[in-house]
There are 2 protein chains.
Amino acid sequence: MANKLDSAFAALSDPTRRAIIERLVTGPATVSDLAAPHDMALPTLMRHLKVLETCGLVRSVKKGRVRTCHIEAGPLMDVQGWLEWQRRVWEGRLDRLSALAHDIDRSN
Amino acid sequence: MANKLDSAFAALSDPTRRAIIERLVTGPATVSDLAAPHDMALPTLMRHLKVLETCGLVRSVKKGRVRTCHIEAGPLMDVQGWLEWQRRVWEGRLDRLSALAHDIDRSN
DNA sequence: GCAATACTTAGCGTTATGGCTAACAAACTT
DNA sequence: AAGTTTGTTAGCCATAACGCTAAGTATTGC
């Protein structure tokens with residue numbers, strides 16, 4: 001099974017899927033709701049939804065003939081966590097560099 | 001030309017490329033340095049590097065026969081920015097929900 | 001019951017992705 | 001000058017991704 005970050009980043013690399021997420025952060029929506037703004041065949045959009053569900057970014061429940069989708073924050077946090085970690089290391093490096101520069105400066 | 005977020009997220013969806021980023025946040029490295037930990041043919045790794053360069057996550061300079069790569073923070077910030085935005089909307093929604101719950105509670 | 005609605009499944013075609021090998025080019029080393 | 005190191009280019013293969021249409025399955029409304 002591939003890393004969770006793999007599938008989360010991959011899912012978010014598609015503009016249609018990001019648009020779906022952007023919609024869902026404002027609240028739950030049905031499949032038709034989600035499809036409406038996208039000039040795209042329904043099965044195609046459904047597949048995007050499935051990608052989002054597979055990586056855990058979206059969950060859904062079907063009631064009658066209507067499926068309602070909602071967002072799941074977990075994977076977004078994972079992604080944000082990874083980015084935050086990189087930023088910290090990066091900034092740590094900058095700190096060390098400026099500390100080094102400061103040391104060099106003092107030694108002159 | 002595709003959205004910058006598309007290519008940044010796509011670039012980060014591959015574990016090899018994330019590993020390269022994880023290495024580069026600690027400081028610049030040559031192509032060989034970057035290739036060393038990955039049991040992978042050099043041209044394959046070069047292509048990963050090219051993907052990272054194409055989306056602006058990595059830049060490199062060649063001196064003699066050695067190419068040195070360094071990270072570029074911009075695209076990472078873009079990605080983080082998008083995530084942050086979603087989180088804000090999401091949390092805003094929660095705030096409104098709890099406010100609503102509070103109102104309902106008071107009205108009883 | 002019949003028709004419309006809201007998905008859902010199946011299958012097709014094109015393009016992109018991630019891996020490889022083989023062969024080439026340029027720059028050090030000896 | 002010859003050989004080693006460090007990329008680089010070209011091309012092949014297999015799989016996955018993204019779009020479609022057509023046809024099927026439940027629900028719901030009339």
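What you see is a predicted model; the values in this text were computed from it and never measured. Quick note on labels: first sequence line is chain A, next is B, and so on, each numbered from 1.
Phosphate proximity of D/dA17 to A/H48: absent, as no side-chain N or O sits under 4.0 Å from OP1 or OP2.
Put simply, the side chain of B/L42 reaches to within 4.5 Å of the side chain of B/V31, judged on heavy atoms.
Whole-Å rounding puts the B/M46 CE to D/dG11 C1' distance at 16 Å. One atom, NE2 of A/H38, and another, P of D/dC18, lie 14 Å apart when rounded to the nearest Å.
For DNA chain C, the outermost nucleotides in 5' to 3' order that have an atom under 4.0 Å from a heavy atom of chain B are C/dG18 to C/dC28.
Each salt bridge (charged side-chain N to carboxylate O under 4.0 Å, His left out) pair with one or both residues in residues 36-57 of chain B, not counting sequence neighbours, would appear here, but there are none.
At a cut-off of 3.5 Å, with distance as the only test, a side-chain donor of A/W82 or B/E22 sits close to an acceptor on the other residue.
Hydrophobic clustering places A/W85 together with A/W90 (ILVMFWY residues linked when any side-chain heavy atoms are closer than 4.5 Å, directly or through intermediates).
Place A/V51 and B/T30 on DNA chain D by their nearest nucleotides, and B/T30 ends up nearer the 5' end.
Looking at B/R18, its side chain does come within 3.5 Å of a backbone N or O of B/L12 through a donor-acceptor pair.
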| What string of B, S and - do you get for nucleotides 20-30 of chain D, 5' to 3', if B is base contact, S is sugar-phosphate-only contact and - is no contact with any protein heavy atom under 4.0 Å? | BBB----BS--

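With sequence neighbours excluded, no residue satisfies salt bridge (Lys or Arg N to Asp or Glu O under 4.0 Å) with A/D14. Remark: A/R87 pairs with A/E84, A/E91 by the salt bridge (Lys or Arg N to Asp or Glu O under 4.0 Å) rule, at least two apart or across chains.
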Please list, one pair per line, the donor and acceptor atoms closer than 3.5 Å that link side chains of residues 66-73 of chain B to other protein atoms, with sequence neighbours excluded.
from: B/R67; atom 1: NH1; to: B/S60; atom 2: OG; distance (Å): 2.9

